[in-house]
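Here the structure comes first, spelled out in structure tokens, and everything after it is commentary.
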Amino acid sequence: MTTLTQTRPPASRAGANRLDPFRATPFTKAMLALAIFLSIFPIYWMIIIATRSNEDAHSVPPPFLPGGNLGENIQAVFDAENAHFMTGIINSIIIASTVTVGIVVISTLAGFAFASLNFRGRNLLLLSVVLTMMVPLQQMGIVPLYQMMVTLGWTNTLKAVILPFLVNGFGVFLMTQYTRQAVPRELVEAARVDGANTLRIWWNVAVPAVRPGMAVLAIQTFMLIWNEFLWPLIILTPDNPTVQVALRALNDRYSTNYVLIFAGTTISIIPLLLVFVLFGRQIIGGLMEGAVKE
């Protein structure tokens, strides 16, 4: 009996020798480092080429250190007569911001209605919203949509790019699921007993609870609309482009000037980085909150 007592390791030492399931192994750290490198390197190399000459973009081995031509290349991007790059940036900021605000507000309202209100046909309407996510509406409906814009006289106007994107099935579905988890039905009923109407319940009860989900939807929508290319290319003229159409115009018909394209792309990602910096904490908070909800 004495021998067993002497050979048993202390409880603290035994616990310390156990494998912590939440501690990253060296292999996991190596894979994460590799993933980070593969994600960041293309952006880094794009910025490097934006600071050099067009000859450096074709050199072997390629340069990995910045040069001194960044200011000159950026000026050349804005001076390109066929690109209208400044107009493209302004148009993209207006379009992406307006569509983002519209989708977030409409999706939050619809999500609250589907999740917290009882009305006839609720499940059928939600099913129809989910079905719209399975069909590429833009590719299938681009011809009738263009004919509609011609009939309304909206060609080459920003509202022709904004209005078709103001409602998004994914946004409605996302906010419906998030509202069901974040806003208890009892809380809604208590607010209704206190005399609050539906709109006030949405604003004072639902919106504070689903704010992280709104931030996630906002950043996804802003990125999607900022990178939209096909519909602005069709409905807008070359002298009134979005930033993605302006980047395409930087590509010469007979040769490719990688320096101008990379410099323009470097400028175009700045608004996306600012949005990530501003809403990054809300995005991480929303993802973590959604992960721990029961």
Problem set entry | Closest non-hydrogen atom pair between A246 and A83, with its separation | CB-O, 3.4 Å
Exercise. Is it the case that more than 12 heavy atoms not belonging to F173 sit under 6.0 Å from its CZ atom?
Worked result: no
Exercise. So do the side chains of E228 and Q244 get within less than 4.5 Å of each other, counting heavy atoms only?
Worked result: no
Problem set entry | N156 side-chain N/O to T237 backbone N/O, donor-acceptor pair under 3.5 Å | yes
Problem set entry | Donor-acceptor side-chain pairing of D56 and S53 below 3.5 angstrom | yes
Exercise. So, for V183 and A206, which heavy atoms are closest and what is the spacing to 0.1 Å?
Worked result: CG2-CA, 3.9 Å
Exercise. Would you call I43 and I269 a side-chain contact if the rule is heavy atoms closer than 4.5 Å?
Worked result: yes
Problem set entry | Inter- and intrachain pairs under side chain to side chain donor-acceptor pair (under 3.5 Å), touching residues 81-95, at least two apart | N91-N240
Problem set entry | Spacing of L65 atom CG and I48 atom CD1 [to the nearest 0.5 Å] | 6.5 Å
For this session: Determine the interplanar angle of the F78 and F85 rings, folded into 0 to 90°, and report it as parallel if under 30°, tilted if 30 to 60°, perpendicular if over 60°.
Result: perpendicular
Exercise. Is the W226 ring parallel, tilted or perpendicular to the F222 ring (thresholds 30°, 60°)?
Worked result: parallel
For this session: State, to 0.1 Å, how close P184 and A182 come at their nearest heavy-atom pair, and which atoms those are.
Result: CD-O, 3.5 Å
Exercise. Is it the case that more than 12 heavy atoms not belonging to M133 sit under 6.0 Å from its CE atom?
Worked result: yes
Problem set entry | I225 CD1 to T242 OG1 distance, which is reported to the nearest 0.5 Å | 10.5 Å
Seminar exercise, completed: Distance col, row I261:CD1 vs S268:OG, nearest 0.5 angstrom, shows 11.5 Å
Problem set entry | Interatomic spacing from CD1 in I267 to CD1 in I74 - rounded to 0.5 Å | 4.5 Å
Exercise. If we only count heavy atoms from C-beta on, is the L224 to Q220 side-chain gap below 4.5 Å?
Worked result: no
Problem set entry | Side chain to side chain, I235 and T155, heavy atoms closer than 4.5 Å | yes
Exercise. Under a 4.5 Å cut-off applied to non-hydrogen side-chain atoms, are T179 and S116 in contact?
Worked result: yes
Exercise. M175, F170: one ILVMFWY side-chain cluster at the under-4.5 Å cut-off?
Worked result: yes
Exercise. Any side-chain heavy-atom pair from I142 and I234 closer than 4.5 angstrom?
Worked result: yes
For this session: Please list all pairs passing the salt bridge (Lys or Arg N to Asp or Glu O under 4.0 Å) test where one or both residues lie in residues 189-205, with sequence neighbours left out.
Result: none
For this session: Drop me the distance from T265's OG1 to L260's CG, to the nearest 0.5 angstrom.
Result: 10.5 Å
For this session: Let me see the working for V207 and M214 under side chain to side chain contact (heavy atoms under 4.5 Å, CB included), right down to the final yes or no.
Result: CA-CA 9 Å; V207 170; M214 294 170 66; 4.2 Å; yes
Problem set entry | F112 vs V188 side-chain heavy atoms within contact, under 4.5 Å | yes
Exercise. Side-chain contact, heavy-atom cut-off 4.5 Å: S59 with R52?
Worked result: no
For this session: Using a cut-off of 6.0 Å, state whether more than 12 heavy atoms not belonging to F27 lie near its atom CZ.
Result: no
For this session: Measure the spacing between CD1 of I49 and CG of N54 and express it to the nearest 0.5 Å.
Result: 9.0 Å
For this session: Find out if a path of hydrophobic residues (ILVMFWY) with successive side-chain heavy-atom gaps under 4.5 Å connects L217 to L126.
Result: yes
For this session: Would you check, one step at a time, whether the test side chain to side chain contact (heavy atoms under 4.5 Å, CB included) holds for I106 with L109?
Result: CA-CA 5 Å; I106 294 174; L109 283 168; 5.7 Å; no
Problem set entry | Cluster link F119 to L199, ILVMFWY, side chain under 4.5 Å | yes
Exercise. Hey, what's the ring geometry for W231 with Y146, parallel, tilted or perpendicular (30° and 60° as the breaks)?
Worked result: perpendicular
Problem set entry | Cluster overlap I270 with M46, hydrophobic side-chain contacts below 4.5 Å | no
For this session: Determine whether V243 and Y258 fall in the same hydrophobic cluster, where Ile, Leu, Val, Met, Phe, Trp and Tyr are linked whenever their side-chain heavy atoms lie under 4.5 Å apart.
Result: yes
Exercise. What heavy-atom pair brings N73 and T51 nearest, and what distance separates the two atoms?
Worked result: ND2-C, 4.0 Å
For this session: Return the minimal non-hydrogen interatomic distance between A96 and T100, and the atom names on each side.
Result: O-OG1, 2.6 Å
Exercise. Does any N or O in the side chain of Y44 come within less than 3.5 Å of the main-chain N or O of F37, such that one atom is a donor and the other an acceptor?
Worked result: no
For this session: Please test V259 against E72 for side chain to side chain contact (heavy atoms under 4.5 Å, CB included), starting from the C-alpha separation and ending with a verdict.
Result: CA-CA 10 Å; V259 169; E72 178 183 348; over 6 Å; no
Exercise. Taking it one step at a time, do L236 and V161 satisfy side chain to side chain contact (heavy atoms under 4.5 Å, CB included)?
Worked result: CA-CA 8 Å; L236 300 177; V161 184; 4.0 Å; yes
Problem set entry | For G169 against T132, the heavy-atom pair lying closest together | CA-OG1, 4.0 Å
Exercise. So, T221 side chain and A218 main chain: donor-acceptor pair closer than 3.5 Å or not?
Worked result: no
